[in-house]
Each structure stands twice: as structure tokens, then as C-alpha cells.
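Chain naming here is simple, since letters A, B, ... match the order of the sequence lines and numbering starts at 1 in each.
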Amino acid sequence: MDGAAVSLETAAAKAARLLETAQLPVIAGLGTDVAGTRAAIRLAEKLRGAYDHLASDVLLRDIDVMRQAGRMVTTANDVRLRADCLLFIGPKLSEAWPDLAERLDLSARPRLAAEKAPRKIFWLGPGRGEAAALGATEIAASPAALPLAVAALRAAVLDRKTRSDGSSAQKLKDLAAALKAAHFGAVVWSAESLDRLTIEMIGGLVFDLNQKTRCSNLPLVSGLNAYGVVQTSGWMTGFPPRTGFGRGYPEHDTWRFDAMRMIEAGEADAALWISSYATEAPKWKRQVPLIALAQPQTRLPYAPQVRIDVGAPGRDHDAIEYSRDIATFTLAKATRASNAPQVAEVVALIDAKLAKGSEAC
Amino acid sequence: MLIRLAGGRVVDPANKRDGVGDIWIRGDRIVAPPQGETPDAVYDVSGKIVMAGAIDIHSHIAGGNVNTARLLLPENHRAHRPRPAATPLSTAGWSTFETGCRYAAMGFTTVIEPAVAAHHALHAHLELADIPIIDKGILTVLGDDDFLLSLLRDGASKAAVADYAGSMLAASKGLGIKSINPGGSVAFQNNARTFDLDDVVPTYGVTSRKIFESLQQAVIDLGIPHPLHLHINNLGVPGNVDTALRTIAASGDRPLHLAHLQFYSYGKEGKRGFSSAAARLAEAVNSAPKPLSIDVGQVMFRQTVTVSLDVVRQFDGSKLAKPRKSVIYDGETNGAGVVPFLYKSDNFFNAVQWACGLELFLLVNDPTRVFFTTDHPNGAPFTTYPDLFALIMSREARAKWLADLPKEAVEMTTLPSITREYSFGEIATMTRVAPAKLLGLKDRGHLSPGALADVAVYNDDPDRAEMFRFAHLVFKDGDLVVRDGRVTHYRFGRALNVQPGYDAATDRRLARYYDDLYGLSRDMFKVPANAIAPNYAFEEVVCGR
């Protein structure tokens, strides 16, 4: 507390005071497992505060397109077992999911496909060396050229004219033909490296392909339970993060409840930062009173009023979290169990120290 | 704690009781009137209707697809009724918390989520853990996964199929088994756009009929109380009454539950090629052997969203999505689709659907065989239940609606000719006695001494919708949780599940199968019973043949 070591109880009580005396506290980071998320959203409601996630920019880019235009979507395991034609779009997918090639079992034929021919693999607009590393046929496109290339591909699928030049136009036509000939195609991309319009165009491309054949999207969602936080937030409030309780019921607004913006604009006057998976620190400059639930090695940008070092889910303690490998929740057993406090415990303790008391449930 | 509910009209058809009297509660159980004891609390419920807590056997309240619907349609739950801040997140529209509160306010104390893909069971249980008050359970969906289809293709024994089903139930902590357009998801992945009872699942050479019959037998062999819960082929297709009739015939005299039959009661008469065949279907149900039951899946006129693992149907239905955005999902054991839908009273097709549902309610004679559902949220959200009670209890209420519907639609149904009105006894049979029996919940659905003290007390309001919307009092496990339609505090119910015995060698075989096919441990897909949430407890429902 203010740099001095105190008991967890004392620290939680101080955190509770700071949060409940604030006009508009915000819970940010939210890098935690399902139990931590449940506790944090309940606390946010009780404080009539707001909550946001550290990966919201990427998460909401993806969700915004989905909730505007709909989507066809599949899982990594379905691609592994059934996809006979894969199209990767955009750079840095190997960074977004390092063991993706292994999960998709790309070198093997699709085990459950009707015709077990070798897979056709394409990569439109990869980063340097990415396509070759996967054995994919590369169709070069710089990030700036990618939106038009995807649009041209969609046009080619629909047999419409485009203005793209000779060699790349032919490559896109060949790619369109391969997708149309596929039994079950998969388009693999990440919202981390694409803008909204490109994501929407890819979604449209997949819908178009399904008029005659089968194809689906495999969006590579953020790891470290980021997508699990979205899901948990969804069932608890109906909305993804960037949701506030100021009026006594949840309201979702991707601009209004952006924690960074709220703090920089002087709207939020206290912050509870949670990052238990990695050593991520808040990026805001304005020094609002800060309570940090963080990994011990985390370097915070300024001295917090209260800092509580927490354990990592799935390492220090068992945790339920979203697994990209199976596209749903799973129990991650502790790999190096320790007594480090869990986010859920600490948040519940802060909750219990609020003057208005804790709910029985 | 000893409680006396004094002087209400007790409607308890399981005990052939319908008259003024008392109900006594001690702890979490109903007890016989004790001699010479003074109750700790007396509630004067004279003039009110006292029933056991209601049970909903089919309502999509939790899981990945329901959550996708929430995230897809933020505009659908922006409006809400702020309540006192007594209960966490009860103001969150369409949240798990609101689900529990609104069910409880209507006097429902047990609700079953009927469609959870085996691999997504943990997600469903996590959501159920955040639904307060009511008890709950899931039906595990089988029928489209490679392991089962391979067993059937290879002519495996009945015992092998039953062992597999038992193992999947144990891994998912389900209360029973559901099958949804069996084989349809695999067919869709192979580019089929329709899938019928005798169509063959590509690459497996197995028909949908074979899958459903095998699972139906597995449920019997495992001694699971709830019969196979079947979502049949061709949902929503004009003329699909034939599919329903063929399925009923295929079932023979073995137990089977057919889900949301309203969506299969369509003929092809009239100049639009769409008519009600509900009367024919109801007759088939009436004359079928007794172990056949159905639920209705009533359509009500309003905005909703359809959430279904019948991906063949949902992909086709996405053309009519309103608003125009759908999520269509291909998963390794099941597809799914989330398609928003607006049912309008001035739409010919929707009006016929509405009438079909009511015809089924009113023409199936035995209220122990027809179950009260809207297939929430597919036909309508469960929050419309009070209005639906009013419709089946009042010919006049129906006539008012019929007067406003398109005449050509009304002509395609028999509804105007039906005079039947449900009594309180029949309502209690349909929503209490029969569901408890269908799910094997021996201590629910009735008010005998020893029964669980799940009790709903209603005002005898001539406006039946108002009556059932806000119960006067609701007790869950003997705890008063609702007063005048408002939840007073949270408590958390139990998750009902079955644990039939099966050959443990199946677990080893499945473990090897997952290692080989996915390169992942099967443990990753299992529901870890003790890690879901601190307030989440399971209750075993006993199996036996």
C-alpha cells in the first residue's frame, strides 16, 4: 500500500475505500479467468462503475462486424478434420497463434473429409516468410492493398469484373476457382491485422461462396481468455466489455466506456487494473488513483495506491478459461501451483470490504 | 422453520386435489399438517391459487449459441425495467440473472436447457451457474459426431452405442439425450441443403432414422428417465407433417419426446401452399402409444431470435432473418445457427404458425402428453408464457386475436372451431405433474408430503396473463424468493443430471480416439464438476429400468 507491505485484508479495505469514494471507477485490463471476470463485473455493478478489457480494440473490431453483418464461423478442430482448401488472409497470423499450423494439422489430409485429397493452402497478403513456412501458395498484398485484394477476390468468386492488374488478377481468379471447387473451405484471419471493412468483406465472401458450396471463417481470436471475458460479460450483462452501470443497469458503448479514454478525459477518477496472465500495464498517462492486481514482475507506469500481486490462471492455480484449441471453455490445471492470491479471491475481498456490504450470493 | 400456507385453493392434480385447504412446509420439504405445532410463519392465501413450482422441459436459456444471440443483438436488450438494486445484475436485460428472476416471478422453479453440444457443456454449465433461484439441467446433444456415426456405420452393438452415450453424458453432466435433425450437421458440412428421415449421412452410409432409433434405444438401455428428446428433420418446411407422422410411426411403442411439434404441423394446402395440419398431427399423437409425448413450441407475435443446432434449417432460415444478420456455425460435433426473426400477426405464414401451436395444445386430449413451451426463444421468449396461458384458458381471448388475423390464414386452420378451455387442473398437469414425470423428478411437480417445497401461489386474477406473469408468492426449497412478482433475494439452485452405468472401457477407447483425432486430451472437453462456480451443485436423478 503506497509502496509499503501490508496484509491482504488491509490492502483490500483500502482498495474498497478508493473505489467506493470515486465518482466513476473503472475496472480495466480484466486479464483474468472466468472466476475473476465474474467477480469483477459484479464489483463494477455494485460500484456503478464501468469495465473494459485490455484487448478490447481488437475484440470489438471483430464483434462490431459480427453484430452488424452476421457471420459464418467454424472451429480450428473442424478445419483440422474437414477443410480441403484453406485461405489465410493478412499478416502476422503466426504471431497471433504460434502453434496454429500444428493445431490445424496442415501437412495431413483432412481426416473426416469426403475426399481425402491433399489440402490446397493459399495465403493472401502474408507477412514476410509466413506463407512459405506453412507451405502455402502466396498471393502478395501489402496491408494497404489488402482490402482491395479481398474485394477483388469476392468479385472474382461472383464472376464480376475488377480493375486489378494482370498477374494478381489471374492469381485471384485461380484462388476464387479453388474456393468454389472446395468441398469445405476455410478462411483464416485475425482482427489484429485487419480493419473492419476488410473483415466485413471476408464475411461477405464466405456468405457468397455458400450459395453453391461450403466455406466458413476461422477468426483467430485473442488468447489468454480474452474471448472468455467477452463470453462471460455476454451472459452476465448481455454485452461485451466497455459496459457501464452508471444508470443502475448495464449500458454498452464502445467509445464511452473505453477505459483509456475515460481516464484521459477525466471522466473516470479511480481505476482497478487487473492483469494476471501477463505483465501488461495500463497505458494511460493521467495519474488517477490506481489499484493494481498484477503479476509480480509487472512494471506499472506510476506508483499505485494499492498493489496486490496475483497468481497466473492455469499456472499458479486451476482456472476455467476459453481455449482456442477447442473453441470453448476448459479447465486449465495449475502447472506450478502456488499460494499466490487469485484475482477472484482478491476482488471478492475488496467487494466484501465495501461499506454497503457484500451480497449473500 | 415451519410454514403454513393457509386457506388457498390448492390445485394438485397428482393427488387429485382441487379445493380449499392448507399446505405446510418444513425446511425444504412439504409436510403433512403437524399435530399441535405452531407454525413460525403463516401466509393467508385465501382466494389464491396454490400449485407446485412449474417445470419447463425445453427452453434455450444457456450456452454458446444463446450467448452468440446476445452478442449478435445488442439492440434487443437495451430496453429493460430497472428494478431495486437488491439483487446483482437483475437489471441486465436477457442476462442469466434476469432469466432466473423472470422465471421465478412466474412461479417456475426448474428449467431445462435442451440443446447443448457435447463439447460445449462446460460453457452451458457456467451460464447456468449464474442463473439464480431455479434448478436447471441440460440435455446433451448427440447424433452428429464422428465417433457415434462410425459405430453405426460399422454395425456396432446396441451395448456399444449405449456405453458411448453413457460416457458422453458423464463427460457433459447431462440430464438426458437430445438429437437434432440427426446427421444433418454432417450433411450440411458436405453441402446438403435439406436432410430427411431416410437421407443418408454422407461418408457414413447411415440414415437419420438409424441414428435416432439407435439413440432412442440407448436411452432405454441406460435406464435414463427422460426419453430421447428428438428435434426431427425438415423443421419449418411446408408439408413437413409427413415427416412428423413418419417419425411417430418409426418410434413404435418405445418412449420418445418430440420437441416443438408446432414447427412440424404444416400442410401444403391453399394457394400459398402452406396450411395447418395440426389437427391431423394431434390425432396421430392421440392415437400413438402412450410413451410418446410432445411439446408445442408456440409462436407469439413479436421480435425474437431463433437459436438452434439444426444448421440445415438455420442456414435456410437465414434468408428470412430480420434484422438481416445471422451467425451460422460449423462445429466438429454439431452445427448451429442464430437467426433473428420477427413474427408478425399480419403475416399469413406467421398467423398459420400461431394457430398451429394452439391447435396442438387444444386438440391433444391428454395434458400429460403435450408440454407447454415456446421453444424459447425460437417461437417466442419465455416471457410471453403468461399470454399463452391466457390463450389456452380462454376461447374468448383466442377469438379476439383471430378477428385481427389475415382471413386467408385463419381459413387454413381449425382453430376457430375449437371451444376447449384449459382448467387450472389441466394447467397444473401440463406444467407441473407431467414434466416432473417425464424427467424422472419424483419429488417435484406435486404437493405431497415429502415433496420438494417448490410452491407457487397466484392471485386468482380474471386476467390470466396478469395472474401468471407475477406470482403472489414463490417458495424455492421452502425459501420465500418472490413476493408479488418481485424477487426478494437470490439463492442458487442445483443442476440435475443422470449418471447411468456404462462400460468403463468406453472411456479408454474415447480417450485414445481424442488423442488420435484431435491431438488433445479428452479431459479438455469434460465438465469439471467441482470447478464451475462456488455456488454450483449437482443433484443426481436416479436411473433405472
Side-chain angles (χ1 to χ4, degrees), chain A residues 34-35 38 41-42 45-46 63 66-75 77-78 80-82 102-103 105 111-114 183-184 207 210 212-214 216 230-232 234-240 245 247-252 318-320 322-323 325-331 359-361, chain B residues 62 64 66-68 70-74 77-78 80 82 85 87-89 91-98 119-120 122-123 126-127 130 132 146 188-191 202-203 315 318 321 324-332 489-492 517-520 523-526 528 531-533 535:
Chain A
V34 171
R38 293 173 82 234
I41 291 175
R42 282 188 175 207
E45 191 210 25
K46 207 185 283 183
I63 290 169
M66 187 273 284
R67 62 192 174 185
Q68 185 187 322
R71 173 169 300 165
M72 298 188 77
V73 64
T74 188
T75 69
N77 280 327
D78 225 46
R80 172 189 178 97
L81 299 176
R82 295 188 193 274
E102 187 192 342
R103 175 86 327 259
D105 202 10
R111 297 259 302 262
L112 301 185
H183 292 284
F184 189 82
F207 276 124
N210 277 279
K212 297 248 172 70
T213 184
R214 288 307 327 281
S216 195
V230 170
Q231 292 291 327
T232 307
W235 78 66
M236 292 183 78
T237 68
F239 300 118
F245 295 97
R247 294 181 216 246
Y249 51 85
E251 290 179 287
H252 172 67
D318 292 358
I320 289 181
Y322 189 88
S323 158
D325 284 341
I326 63 169
T328 186
F329 289 97
T330 194
L331 174 65
E359 291 297 334
C361 55
Chain B
V66 174
N67 220 27
T68 296
R70 293 187 181 106
L71 295 171
L72 178 68
L73 294 158
H77 44 107
R78 205 156 267 173
H80 26 226
T87 45
L89 293 162
T91 60
W94 199 16
S95 65
T96 49
F97 296 90
E98 196 199 46
H119 283 183
H120 296 165
L122 175 55
H123 184 154
L126 287 168
E127 290 198 24
D130 272 338
D146 168 67
F188 182 63
Q189 285 183 319
N190 286 284
N191 209 23
T203 79
F315 180 74
S318 65
R324 271 191 69 123
K325 51 179 181 181
S326 302
V327 173
I328 301 295
Y329 173 81
D330 284 282
E332 63 271 18
H489 65 284
Y490 285 175
R491 53 177 288 118
F492 281 86
L517 194 67
Y518 295 113
L520 295 169
D523 289 344
M524 281 189 82
F525 297 90
K526 288 182 180 171
I532 294 167
N535 54 30

Atom [atom1] of [X] and atom [atom2] of [Y]: how far apart are they, to the nearest 0.5 Å?
X: B/Phe97; Y: A/Glu45; atom1: CZ; atom2: CD; value: 8.5 Å
X: A/Ile326; Y: B/Leu520; atom1: CD1; atom2: CG; value: 7.5 Å
X: A/Gln231; Y: B/Arg70; atom1: CD; atom2: CZ; value: 9.5 Å
X: B/Leu72; Y: A/Ile63; atom1: CG; atom2: CD1; value: 11.5 Å
X: A/Met236; Y: B/Thr96; atom1: CE; atom2: OG1; value: 6.5 Å
X: B/Asp130; Y: A/Arg38; atom1: CG; atom2: CZ; value: 4.0 Å

At a 4.5 Å cut-off on heavy atoms, which part of [X] comes close to chain B: side chain, backbone, both, or neither?
X: A/Glu102; answer: neither
X: A/Asn210; answer: both
X: A/Leu331; answer: both
X: A/Ala35; answer: neither
X: A/Thr237; answer: both
X: A/Asp318; answer: neither
X: A/Val34; answer: side chain
X: A/Phe207; answer: side chain
X: A/Thr328; answer: side chain

With distance as the sole test, does [X] use its side chain to make a donor-acceptor pair with the main-chain N or O of [Y] at under 3.5 Å?
X: B/Asp330; Y: A/Thr74; result: no
X: B/Lys325; Y: A/Gln68; result: no
X: B/Ser326; Y: A/Gly70; result: no

Study note, to complete from the structure: Heavy atoms of B/Pro528 and A/Ile320 approach each other most closely as CG-CD1, 4.5 Å
**Study point:** Distance-minimising heavy-atom pair for A/Thr330 and B/Met524
**Key:** OG1-O, 2.7 Å
Review point. Which one of A/Ala114, A/Gly234, A/Ala319 has the most heavy-atom pairs closer than 4.5 Å to chain B?
Key: A/Gly234
**Study point:** Among A/Thr232, A/Asp105, A/Leu112, A/Val230, residue most engaged with chain B (heavy-atom pairs, under 4.5 Å)
**Key:** A/Leu112
Sort out for me which of [options] touches chain A most, counting heavy-atom pairs under 4.5 Å.
options: B/Leu71, B/Thr68, B/Val66; answer: B/Leu71
options: B/Thr203, B/Leu122, B/Asn67; answer: B/Asn67
options: B/Gln189, B/His120, B/Arg324, B/Lys526; answer: B/Gln189
options: B/Asp523, B/Ile328, B/Leu73; answer: B/Ile328

Point to revise | For A/Arg111, side chain to side chain donor-acceptor pair (under 3.5 Å) partners two or more places apart | key: B/Asp516
Study note, to complete from the structure: The side chain to side chain donor-acceptor pair (under 3.5 Å) partners of A/Thr75 (sequence neighbours excluded) come to B/Glu332
Which atoms of [X] come close to chain A, meaning under 4.5 Å heavy atom to heavy atom: side chain ones, backbone ones, both, or neither?
X: B/Asp146; answer: side chain
X: B/His119; answer: backbone
X: B/Phe188; answer: both

Review point. Between A/Phe329 and B/His123, how do the two ring planes meet: parallel, tilted or perpendicular, split at 30° and 60°?
Key: perpendicular
**Study point:** Charged tip of A/Arg80 within 45° of B/Tyr518 ring normal and under 6.0 Å
**Key:** no
